[in-house]
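Only this structure's heavy atoms are used, side chains among them; waters, hydrogens and symmetry mates stay out.
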Amino acid sequence: MRILAIDTSCDETAAAVTDGRKVLAQALYSQVTTHKQWGGVVPSLARRAHEERIDGIIAQTIKKYNIAIGNKDLTSYNGIDYLAVTYGPGLAIALEVGMKKAQELALKHNKQIIPVNHMEGHIYSCFVQNRNANPKREFSFPYLALLISGAHTEIVLVTDHITYKVLGETRDDAAGEALDKAARMLGFGYPGGPTLERLAKQIDNSDTYKFPRPMIGSKDLAFSFSGLKTSFLYFLRQMPEDEKLSHLKELSSSFQEAVFDTLKRKLTRAIDTTGVNNIIVGGGVAANKRLRYILRAMIKTKKGSIYFPVYSYLTGDNAAMIGVVASYKAEKGMICSPADLPDRVPRLTLG
């Protein structure tokens, strides 16, 4: 089943052609340089960039797809069974660009559409394969999915394909958002998480300042990172400027350790509560090597398994994961006509 997938949920313009779990072609334009000067994503600029790039990104993807299947007509949609598009969560005016384009193409080429929840994509990102069907990971339900991105932090029980139950989520800032805000407090640009990771690695990820681990004493699986962010801010205000500048590595590492230790403890509690020790981790923060080390060490003690996205592009926003989700939704008949595509849902949830 070949699907042309589109994702414009935030600041990446992405398209891909998938065949089941295999990615046959893809293209992506990142807007990071556009938003970097503003310290974060500016919705109006994101929409404009999507509008300027989406036709070219889709054309690149279709060209790569036709080359991959040996078709001489590099603009052909022959063999494409469905279109898929992200309809939430995300920035409303960004989502709209991808959804309108999907409707336009579906009408033009007489295709039906599969609407996809962006967070579903992050769950399935761990199972995306290249065109040679690698990696050969097989599904073994149930899973606990830890989804950690700039806007979302949640633990989801996945009992079968397209069957989810949210067990806990953030009450305020997400993990990725907290890392970016801490980096900004230290004077670093956007996105800040990778900068913290780089500095922390230089001192072997030490935990010099031992900042609070928010909500680890609560019995539920909810997260909260706003208190940690506030604690960090007050700590910096009390620190002389010259001392802060000479301890940027220690501050970066200690804050990162506080966030990651919180994630580990909550995930450990979820394993103990549910008895499920098959773990999948998705979202932008899943690219962090320190976090991967921490969670891999934890899962060994639980005699379980853990999957992260294999390919680096899959941790961020992309259309390949959207297409893979869509193939399982199509099998369940979760498709619609272009006219029946649901409206964008910026705060769309799972389940």
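The side-chain heavy atoms of N288 and I148, taken from C-beta on, include no pair separated by under 4.5 Å. Between F225 and T262, the closest side-chain pair of non-hydrogen atoms falls below 4.5 Å. Proximity of V259 to Q256: side-chain heavy atoms (C-beta onward) are nowhere separated by under 4.5 Å. Side-chain contact between L179 and F260 is present, with at least one heavy-atom pair separated by less than 4.5 Å. Within the 4.5 Å cutoff, the side chain of N318 has no heavy atoms near those of the E12 side chain. Using a 4.5 Å heavy-atom cutoff, the side chains of M298 and I271 are in contact. No side-chain heavy atom of R347 sits less than 4.5 Å from a side-chain heavy atom of P89. Put simply, the side chain of L186 reaches to within 4.5 Å of the side chain of L196, judged on heavy atoms.
Grouping Ile, Leu, Val, Met, Phe, Trp and Tyr by side-chain contacts under 4.5 Å, direct or through others, leaves I203 on its own. Residue I57 belongs to a hydrophobic cluster whose other members are Y29, with links defined by side-chain heavy atoms closer than 4.5 Å. Chaining together hydrophobic side chains whose heavy atoms lie under 4.5 Å apart places I67 alongside L74.
Under a 3.5 Å cut-off, the side chain of Q112 and the backbone N or O of S337 do not form any donor-acceptor pair. In this structure, the side chain of R292 engages the main chain of A286 through a donor-acceptor pair within 3.5 Å. The closest donor-acceptor contact from the side chain of S9 to the backbone of G90 lies at 3.5 Å or more, if one exists at all. Panel note: side chain R344, backbone A92; a donor-acceptor pair is recorded below 3.5 Å. Side chain of R184 to backbone of G192: no donor-acceptor contact under 3.5 angstrom is found. Judged by distance alone, with hydrogens and angles left aside, the side-chain atoms of H109 form no donor-acceptor pair with the main-chain N or O of L105 at under 3.5 Å. A donor-acceptor pair is defined here as one N or O able to donate and one able to accept, closer than 3.5 Å; no such pair exists between the side chain of S253 and the backbone of K249. With hydrogens and angles disregarded, no donor-acceptor distance shorter than 3.5 Å links the side chain of T13 to the backbone of I54.
Nearest heavy atom pair, residue D220 against residue K266, reads O-NZ, 3.0 Å. Of all heavy-atom pairs between D19 and M1, the closest is OD1-N, 3.0 Å. I58 and Y77 get closest at one heavy-atom pair: CG2-OH, 3.6 Å. Of all heavy-atom pairs spanning V158 and A145, the tightest one is CG2-CB, 4.2 Å. Closest heavy-atom contact between A326 and A84: CB-CB, 3.5 Å. When all heavy atoms are compared, the tightest approach of E197 to A287 is OE2-O, 4.4 Å.
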* **Chi angles and distances behind the side-chain contact (heavy atoms from CB on, under 4.5 Å) call for S44, V42** => CA-CA 6 Å; S44 60; V42 180; 3.7 Å; yes
* Asked: Could you walk me through whether K101 and D55 pass the side-chain contact (heavy atoms from CB on, under 4.5 Å) check?
  -> CA-CA 8 Å; K101 184 56 62 176; D55 286 332; 2.7 Å; yes
* Step by step, would you call T268 with T301 a side-chain contact (heavy atoms from CB on, under 4.5 Å)? -> CA-CA 10 Å; T268 300; T301 69; over 6 Å; no
* Take L28 and Y313, measure what side-chain contact (heavy atoms from CB on, under 4.5 Å) needs, and give me the verdict at the end. => CA-CA 9 Å; L28 183 147; Y313 69 87; 5.7 Å; no
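In N134, the CG atom is crowded: over 12 heavy atoms of neighbouring residues, nucleotides or ligands sit closer than 6.0 Å. No more than 12 heavy atoms of other residues, nucleotides or ligands shown are found within 6.0 angstrom of NZ on K201.
To the nearest 0.5 Å, atom CD1 of residue I294 and atom CD1 of residue I299 are 14.0 Å apart. To the nearest 0.5 angstrom, R296 atom CZ is 7.5 Å from I306 atom CD1. Expressed to the nearest 0.5 Å, how far CD1 of I280 lies from CG of L147 amounts to 7.5 Å. Atom CE of residue M99 and atom OH of residue Y87 lie 8.5 Å apart, to the nearest 0.5 angstrom. One distance of note links CG of L144 with OG1 of T274; it measures 4.0 Å at 0.5 Å rounding. Taking CG of L267 as the reference point, atom CG of N277 lies at 10.5 Å (rounded to 0.5 Å).
Here K244 pairs with E241 in a salt bridge; the nearest charged N to carboxylate O distance falls below 4.0 Å. A salt bridge links K181 with E177: at least one charged nitrogen is closer than 4.0 Å to a carboxylate oxygen.
Follow the hydrophobic side-chain contacts under 4.5 Å out from I162 and you never reach V345; the two are in separate clusters. V116 and L341 are not part of a single hydrophobic cluster, where members link through side-chain heavy atoms under 4.5 Å apart. The cluster map of Ile, Leu, Val, Met, Phe, Trp and Tyr, joined by side-chain heavy atoms under 4.5 Å apart, puts L295 and I155 in the same cluster. V23 is not connected to I69 by any chain of hydrophobic side-chain contacts under 4.5 Å among Ile, Leu, Val, Met, Phe, Trp and Tyr, and they are in different clusters. The hydrophobic cluster containing L91 does not contain V85, counting ILVMFWY residues as joined when their side-chain heavy atoms lie under 4.5 angstrom apart, directly or transitively.
Judged as a side-chain hydrogen bond (donor to acceptor under 3.5 Å, both in side chains), and not counting sequence neighbours, the contacts of N66 are N71. Residues satisfying the salt bridge (Lys or Arg N to Asp or Glu O under 4.0 Å) test with K302, not counting sequence neighbours, are D272. Here D180 pairs with nothing under the salt bridge (Lys or Arg N to Asp or Glu O under 4.0 Å) rule; sequence neighbours left out. The salt bridge (Lys or Arg N to Asp or Glu O under 4.0 Å) search around R290 returns E257, not counting sequence neighbours. In this view, K100 and E96 satisfy the salt bridge (Lys or Arg N to Asp or Glu O under 4.0 Å) rule, not counting sequence neighbours. Taking D172 as the reference, S224, S226 meet the side-chain hydrogen bond (donor to acceptor under 3.5 Å, both in side chains) condition, with sequence neighbours excluded. Partners of F232 according to the ring-ring contact (aromatic ring centres under 6.0 Å, His included) rule, which considers only residues two or more places apart in sequence or in another chain, are F211, F255.
Listed by first and then second residue, the salt bridge (charged side-chain N to carboxylate O under 4.0 Å, His left out) pairs involving residues 307-334 are E120-K329 (not counting sequence neighbours). Legend: ring-ring contact (aromatic ring centres under 6.0 Å, His included) pairs involving residues 161-195, not counting sequence neighbours, sorted by first then second residue: Y124-H161, F139-H161, F141-H161, H161-Y328.
Side-chain atoms of S305 and N278 form a donor-acceptor pair, as typed in the model, at a separation below 3.5 Å. Checked by atom type, the side-chain pair D73/T75 shows a donor-acceptor distance below 3.5 Å.
Of the candidates D81, I3, T18, I3 is the only one forming a side chain to side chain contact (heavy atoms under 4.5 Å, CB included) with S327.
Taking the six-membered ring where tryptophan is involved, the planes of H122 and H118 are perpendicular, since the angle between them exceeds 60° and thus also 30°.
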